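Note that this is a predicted model, so its numbers are computed, not measured.
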Amino acid sequence: MDAQKEDAVLRRPKLTIEQQVEHLKKKGVKFELCSEEQAVSFLKNSTFFFKVKAFDKNYTVNPQNGQYLNLDFAYLMELSTLDMHVRRLILHATLDIEHYLKVWLIREISEDPSEDGYDIVKRFFMVYPDVQTSILEKSENSMCKDLIQKLHREGYAVWNLIEVISFGDLIKLCALYDQNHGGKRDDLFNCLFAVRCLRNAAAHNNCLLNSLKSPYTRTIKPSKFLTHFASTIPGIKATSREKKMSNPVIHDFLGLLFVYDKVVTSPKVREHFSLELHQLFDERMLRHKEYFQRNEVLVSSYSFVKKAVSQLYPLPNRNQ
């Protein structure tokens, strides 16, 4: 088969938005809770077809006729909206984590008589030589251009370096410092690499709530540390815990909750994040809970993560 014929076989016809809705109808998606006109408006103004269709992975297809079972377009709309809220929460949380990692590192080095702020950078570049190259390559298009060029001429101190490296490289730097001083927070930094995966997915607007049903998009080896933490959450059976912790999104989100609790030291910032978490899990996610009552995967996933939220971030008693 020549390339032209192969392209013709692989290509699917372009559909107008109205035709996209019609396609979903033919696949068994209902438009009872949401009219077809509302669906067209949603696809025109709020998202696009393949973005919202991604959430159909949480639903079953009848193998005999290829029709979706118990799927209304309103469910896809709500999951798409909730996914956006979850991604925003993740980005907010990881910005806080990034800042307080820097606070921790600079505080540790400031109080460490064996570190002058320059030797740690030399060791870091020796272990990760590509980082320095990467910094120089992006200097022309970076908001930190002047700082990078100055550091390249005069030398890097750790308090300058943290302003020009990525979140992933910051984690490597903090982990290296910790390893050089006994590895006291090794488990925490292992969790941070899971947080980085979640942050990258959220930053690139990747769907997250479409990955709650197996088979998952990627296979992970659950962190023993996070698995142990999950075992301390009341009301979760061992079989359920093992199943949920094998899900990459749930595993990494639990890592986010745990790391935030350990890294962020400001009481006010922690309280704000706690309130934001509860607003999402106690209010926004339950606004249309009747949509998902018959979907065991969604209900059990919500219940599992909600218990972790309540364990780590109990709502403050305003009456005290």
Side-chain angles (χ1 to χ4, degrees), residues 86-117 119-121 124 144 157-200 202-203 223-230 232-233 251-282 305-318 320:
V86 170
R87 282 184 275 113
R88 286 184 175 179
L89 178 82
I90 290 168
L91 290 175
H92 173 196
T94 50
L95 282 172
D96 287 347
I97 288 171
E98 183 174 11
H99 173 73
Y100 284 95
L101 271 180
K102 294 176 181 178
V103 171
W104 170 80
L105 181 64
I106 298 304
R107 182 179 65 244
E108 290 292 309
I109 290 176
S110 298
E111 298 176 354
D112 183 352
S114 68
E115 289 287 355
D116 63 2
D119 286 341
I120 181 63
V121 177
F124 181 62
C144 300
V158 68
W159 44 84
N160 304 128
L161 177 67
I162 60 173
E163 299 301 322
V164 297
I165 57 176
S166 67
F167 181 58
D169 289 337
L170 174 66
I171 294 171
K172 294 175 183 176
L173 175 62
C174 292
L176 178 67
Y177 177 82
D178 184 64
Q179 290 164 7
N180 290 339
H181 292 76
K184 298 175 183 178
R185 310 191 87 183
D186 191 49
D187 287 328
L188 177 68
F189 290 111
N190 286 337
C191 294
L192 266 162
F193 287 105
V195 172
R196 183 191 62 177
C197 290
L198 195 65
R199 175 190 181 273
N200 289 345
S223 160
K224 293 181 180 179
F225 190 66
L226 285 178
T227 301
H228 173 72
F229 162 67
T232 68
I233 302 173
H251 174 274
D252 293 353
F253 191 80
L254 212 67
L256 174 75
L257 296 180
F258 181 83
V259 167
Y260 195 100
D261 181 58
K262 298 301 180 186
V263 170
V264 178
T265 51
S266 165
K268 287 292 184 182
V269 173
R270 289 171 58 87
E271 181 181 5
H272 180 75
F273 178 62
S274 177
L275 291 173
E276 189 177 4
L277 266 175
H278 283 279
Q279 184 179 35
L280 178 58
F281 279 86
D282 299 350
V305 178
K306 174 64 174 70
K307 288 172 182 175
V309 168
S310 298
Q311 172 86 342
L312 279 174
Y313 302 92
L315 275 172
N317 187 345
R318 299 288 184 177
Q320 289 183 352

**Report entry** Within 6.0 angstrom of Arg88 CZ, more than 12 heavy atoms from elsewhere
**Finding:** no

Query raised in the report: Please walk me through it: do Val121 and Asn160 pass side-chain contact (heavy atoms from CB on, under 4.5 Å)?
Result: CA-CA 10 Å; Val121 177; Asn160 304 128; over 6 Å; no

Query - Ionic contact status for Arg270 with Asp96, cut-off 4.0 Å - result: no

Report task. Mind running side-chain contact (heavy atoms from CB on, under 4.5 Å) on Val259 and Leu188 for me, showing each step along the way? Result -> CA-CA 7 Å; Val259 167; Leu188 177 68; 3.9 Å; yes

Query raised in the report: Angle class for the Phe258/Phe225 ring planes (parallel below 30°, perpendicular above 60°, tilted otherwise)?
Result: perpendicular

Report summary line: dist Lys306:NZ -> His278:NE2 (nearest 0.5 Å) comes out at 6.0 Å

Query raised in the report: Say you draw a straight line from CG of Asp178 to CG of Leu105; how long is it, rounded to the nearest 0.5 Å?
Result: 10.0 Å

Requested in this report: Measure the acute angle between the ring planes of Trp104 and Phe189, then classify it against the limits of 30° and 60° as parallel, tilted or perpendicular.
Outcome: tilted

Query raised in the report: Counting only N and O atoms by type, is there a donor-acceptor contact under 3.5 Å from the side chain of Tyr313 to the main-chain atoms of Leu257?
Result: yes

Query raised in the report: Taking all atoms of both residues into account, what is the closest heavy-atom pair of Ile97 and Val263, and its distance?
Result: O-CG1, 3.9 Å

**Report entry** Validation row: Val195, Ile90 side chains within 4.5 angstrom (heavy atoms)
**Finding:** no

Query raised in the report: Which heavy-atom pair separates Leu254 from Ala308 by the least distance, and what is that distance?
Result: CD1-CB, 3.2 Å

Requested in this report: First locate atom CG of Asn190, then atom OG of Ser223, and finally report the distance between them rounded to the nearest 0.5 Å.
Outcome: 6.5 Å

Query raised in the report: To the nearest 0.5 Å, how far apart are CG in Asn180 and CG in Asp112?
Result: 10.0 Å

Query raised in the report: When you look at Asp187 and Leu226, which way does the side-chain contact (heavy atoms from CB on, under 4.5 Å) test go after all the steps?
Result: CA-CA 9 Å; Asp187 287 328; Leu226 285 178; over 6 Å; no

Report summary line: Rounded to the nearest 0.5 angstrom, the CD-NE2 distance for Glu276 and His272 is 5.0 Å

Query raised in the report: Do you know the tightest heavy-atom contact between Glu115 and His181?
Result: OE2-CE1, 3.6 Å

Requested in this report: Could you check if a side-chain atom of Tyr260 sits within less than 4.5 angstrom of a side-chain atom of Thr94, using non-hydrogen atoms only?
Outcome: no

**Report entry** Donor-acceptor under 3.5 Å (Thr232 side chain, Phe229 main chain)
**Finding:** yes

Query raised in the report: Is there any salt bridge (Lys or Arg N to Asp or Glu O under 4.0 Å) pair reaching into residues 190-200, and which pairs are they, with sequence neighbours excluded?
Result: none

Query - Under 3.5 Å: donor-acceptor pair, side chain of Lys307, backbone of Ile233 - result: no

Report task. Walk me through it: do Phe167 and Leu101 pass the test side-chain contact (heavy atoms from CB on, under 4.5 Å)? Result -> CA-CA 10 Å; Phe167 181 58; Leu101 271 180; 4.3 Å; yes

Report task. Find the distance between NE2 (His99) and OG1 (Thr265) and round it off to the nearest 0.5 Å. Result -> 8.0 Å

Query raised in the report: At their closest point, which heavy atom of Phe273 faces which heavy atom of Leu89, and how far apart are they?
Result: CE1-CD1, 3.8 Å

